[in-house]
Amino acid sequence: MLTEKVHIAAPTAFFEDESLNIQGTINHIRDLYKQGVKSVLVSGTTGEQHSLNFQEKIEIINGLELEEELISNMEIIFGVASIRQKEAEEIAEKIRHTKISGIMVGYPPYVIPTQEEAFIYTKRIIHLSNKPTILYNNPKRTGFDLSEKSIIQLSKINLVVGIKDPGNKEKIERIKKGTHRNDFYFYAGGEVDLEEKVLHGYDRLSSIAGNVSPTEISQWFQKMLLKQKVSKREREKIENIMEDVYQGNAIVNLKKTINHKGIPMGICRSPIGNI
């Protein structure tokens with residue numbers, strides 16, 4: 001199962017012509033590992049997943065497999081989603097035979113499946129990957145909102161460890177009542193409104209700002225979970241990190257900072273980064 005309370009949603013590196021830079025992506029993950037990060041989400045939720053085609057996702061998986069130290073010592077979670085279920089199934093099947101620790105299942109953008117269709121899609125991907133799974137609900141990006149009934153149904157599958165961004169606090173309360181599981185986790189996507197989310201029952205973090213300040217973000221989140229006081233100095237530090245990352249486009253800001261460190265993250269795929 002996935003035991004880490006925090007994973008970093010790592011951006012994907014691209015060259016100046018917007019082609020995939022696998023080594024740049026892996027160099028960033030290696031740098032996070034050296035800083036003590038124990039878990040990363042790759043091909044995940046930094047706005048780039050659906051810009052990666054099927055072949056590019058396979059190439060990233062192959063690249064990760066060659067990184068024996070990283071794949072053996074980190075919880076590496078891979079984002080599995082596609083507009084076409086068949087492609088998502090092939091990626092899931094590919095992951096099944098790797099040391100990748102788990103998957104995050106996202107839903108197809110634009111097509112808006114019914115709840116029943118989404119349920120079958122999810123079950124199929126979980127079955128083929130046979131890996132611990134985080135569900136990912138993001139109606140703002142996809143147009144599809146996974147219902148509490150679907151979440152509760154899917155929580156009955158042992159491999160499902162939790163859900164990222166299930167919805168508002170009332171929805172979380174009803175899911176908690178319906179799941180009858182102590183080991184079903186609620187992941188916050190990024191740090192915006194994080195303190196409020198923790199009060200509502202979120203107990204894990206899919207971190208964006210952790211790409212540039214992993215230790216500070218992780219310690220801040222742990223303190224929140226333990227209801228410990230955050231000092232004025234710590235709070236100011238976090239506010240500065242948040243401003244640097246979230247003012248404007250977070251992924252553009254992250255890549256700029258990582259590039260400055262000498263790790264070649266390159267650019268975003270346009271229209272992101274047009275300005």
Side-chain angles (χ1 to χ4, degrees), residues 1-4 7-12 20 22 25-26 29 39-67 70-72 74-138 141-144 146 150-151 153-166 183-185 187 189 204 206:
M1 280 303 175
L2 301 172
T3 58
E4 293 301 319
H7 64 246
I8 311 290
T12 308
L20 182 63
I22 294 168
T25 307
I26 286 167
I29 296 167
S39 183
V40 289
L41 169 65
V42 186
S43 169
T45 61
T46 42
E48 293 169 337
Q49 182 179 47
H50 288 287
S51 94
L52 295 169
N53 65 35
F54 173 75
Q55 195 50 48
E56 287 171 330
K57 288 175 186 175
I58 296 295
E59 283 170 25
I60 294 172
I61 295 167
N62 290 339
L64 288 167
E65 277 215 276
L66 297 173
E67 297 296 321
L70 298 181
I71 210 158
S72 300
M74 293 181 93
E75 264 185 10
I76 295 181
I77 303 158
F78 199 88
V80 179
S82 178
I83 292 172
R84 295 194 58 205
Q85 181 176 319
K86 279 198 174 299
E87 284 191 0
E89 286 178 7
E90 282 185 57
I91 291 161
E93 216 164 352
K94 167 84 177 166
I95 288 167
R96 184 188 193 107
H97 306 292
T98 68
K99 285 187 184 173
I100 285 169
S101 306
I103 62 169
M104 182 177 282
V105 174
Y107 293 88
Y110 188 77
V111 294
I112 314 184
T114 65
Q115 294 297 322
E116 292 81 3
E117 286 165 345
F119 181 76
I120 292 164
Y121 161 96
T122 313
K123 264 182 79 169
R124 188 85 188 119
I125 292 166
I126 295 167
H127 170 72
L128 288 169
S129 74
N130 197 35
K131 297 279 186 184
T133 302
I134 303 165
L135 310 172
Y136 182 30
N137 187 45
N138 195 342
R141 284 191 192 270
T142 64
F144 169 76
L146 193 63
S150 298
I151 296 165
Q153 262 187 303
L154 288 164
S155 77
K156 291 173 184 164
I157 301 168
N158 288 337
L159 283 169
V160 175
V161 299
I163 179 157
K164 178 173 171 178
D165 289 338
D183 60 346
F184 186 81
Y185 301 102
Y187 290 78
R204 287 193 171 184
S206 184

- Item | Donor-acceptor contact present, side-chain D165 to main-chain N137, <3.5 Å | no

- Item | Contacts of F119 that satisfy ring-ring contact (aromatic ring centres under 6.0 Å, His included) - sequence neighbours left out | none

- Message: Please find the pair of heavy atoms, one from H50 and one from A81, that lie closest to each other, and give the distance.
- Response: CE1-CB, 3.9 Å

- Query: Just wondering, do D183 and M1 contact through their side chains at under 4.5 Å, heavy atoms?
  - Reply: no

- With sequence neighbours left out, write down each residue that passes side chain to side chain contact (heavy atoms under 4.5 Å, CB included) with R124, or none if nothing qualifies. Q85, E89, H127, L128

- Query: Between OG of S39 and CD1 of I8, what distance do you get to the nearest 0.5 Å?
  - Reply: 8.5 Å

- Set of side chain to side chain donor-acceptor pair (under 3.5 Å) partners for N130, sequence neighbours left out: none

- Query: Does a side-chain heavy-atom distance below 4.5 Å link L2 with S101?
  - Reply: yes

- Note on the structure: Nearest heavy-atom contact between V80 and A88 is CG1-O, 3.6 Å

- Query: Considering residues at least two apart in sequence or located in another chain, which fulfil the side chain to side chain contact (heavy atoms under 4.5 Å, CB included) criterion with T3?
  - Reply: E75

- In Å and rounded to the nearest 0.5 Å, what is the CD to CZ distance from E117 to F144? 9.0 Å

- Message: What I'd like to find out is whether the side chain of E59 reaches to under 4.5 Å of the side chain of F54, using heavy atoms alone.
- Response: no

- Message: Evaluate N138 against Y136 for side-chain hydrogen bond (donor to acceptor under 3.5 Å, both in side chains), listing each step before the verdict.
- Response: CA-CA 6 Å; N138 195 342; Y136 182 30; 2.5 Å; yes

- Give the intermediate values and the outcome of side-chain contact (heavy atoms from CB on, under 4.5 Å) for residues S43 and L52. CA-CA 8 Å; S43 169; L52 295 169; 4.0 Å; yes

- Query: Below 4.5 Å, heavy atoms only, C-beta onward: do I134 and H7 meet side chain to side chain?
  - Reply: yes

- Query: Can you check whether K131's main-chain N or O pairs, donor with acceptor, with T133's side chain at less than 3.5 Å?
  - Reply: yes

- Query: Does a sphere of radius 6.0 Å around CG in N158 hold more than 12 heavy atoms from other residues, nucleotides or ligands, not counting ones at 6.0 Å or beyond?
  - Reply: no

- Which value, rounded to the nearest 0.5 Å, describes the distance between I58 atom CD1 and N53 atom CG? 10.0 Å

- Item | Pairwise distance CG(L20) to CD(Q55) - rounded to 0.5 angstrom | 10.5 Å

- T12 side chain reached by E56 side chain, heavy atoms, under 4.5 Å: no

- Item | Separation between CZ of R204 and NZ of K164, rounded to the nearest 0.5 Å | 14.0 Å

- Pairs involving residues 100-116, ordered by first then second residue, that meet salt bridge (charged side-chain N to carboxylate O under 4.0 Å, His left out) (sequence neighbours left out): none

- Report the C-alpha separation of L135 and Y187 in whole Å, then their side-chain angles, then the decisive distance to 0.1 Å, and conclude whether the side-chain contact (heavy atoms from CB on, under 4.5 Å) test is met. CA-CA 9 Å; L135 310 172; Y187 290 78; over 6 Å; no

- Query: Do you know which two heavy atoms are closest between P11 and T25, and how far apart they sit?
  - Reply: O-CG2, 3.9 Å

- Query: If we only count heavy atoms from C-beta on, is the I26 to I60 side-chain gap below 4.5 Å?
  - Reply: no

- Task: Output yes when a side-chain donor or acceptor of E90 lies under 3.5 Å from a complementary backbone atom of E87, and no otherwise.
- Result: no

- Message: Pairing donors with acceptors under 3.5 angstrom, does anything connect the side chains of T98 and E65?
- Response: no

Output side-chain donor-acceptor pairs under 3.5 Å for residues 104-113, partner residues at least two apart or in another chain, one line each.
{"residue": "Y107", "atom": "OH", "partner": "T122", "partner atom": "OG1", "Å": "2.8"}

- Message: Please give me the minimum heavy-atom distance between I163 and F184, naming the atom from each residue.
- Response: CG2-CE2, 3.8 Å

- Query: Taking the side chain from E67 and the backbone from L64, do they hold a donor-acceptor pair closer than 3.5 Å?
  - Reply: no

- Message: Using side-chain contact (heavy atoms from CB on, under 4.5 Å), reason through I76 and K99 one step at a time and then give a plain yes or no.
- Response: CA-CA 8 Å; I76 295 181; K99 285 187 184 173; over 6 Å; no

- Task: For the pair I77 and I100, evaluate side-chain contact (heavy atoms from CB on, under 4.5 Å) and give the outcome as yes or no after the intermediate values.
- Result: CA-CA 6 Å; I77 303 158; I100 285 169; over 6 Å; no

- Item | Gap between atom OG of S129 and atom CD1 of I103 - 0.5 Å precision | 3.5 Å

- Is R96 atom CZ crowded by more than 12 heavy atoms from other residues, nucleotides or ligands, each under 6.0 Å away? yes

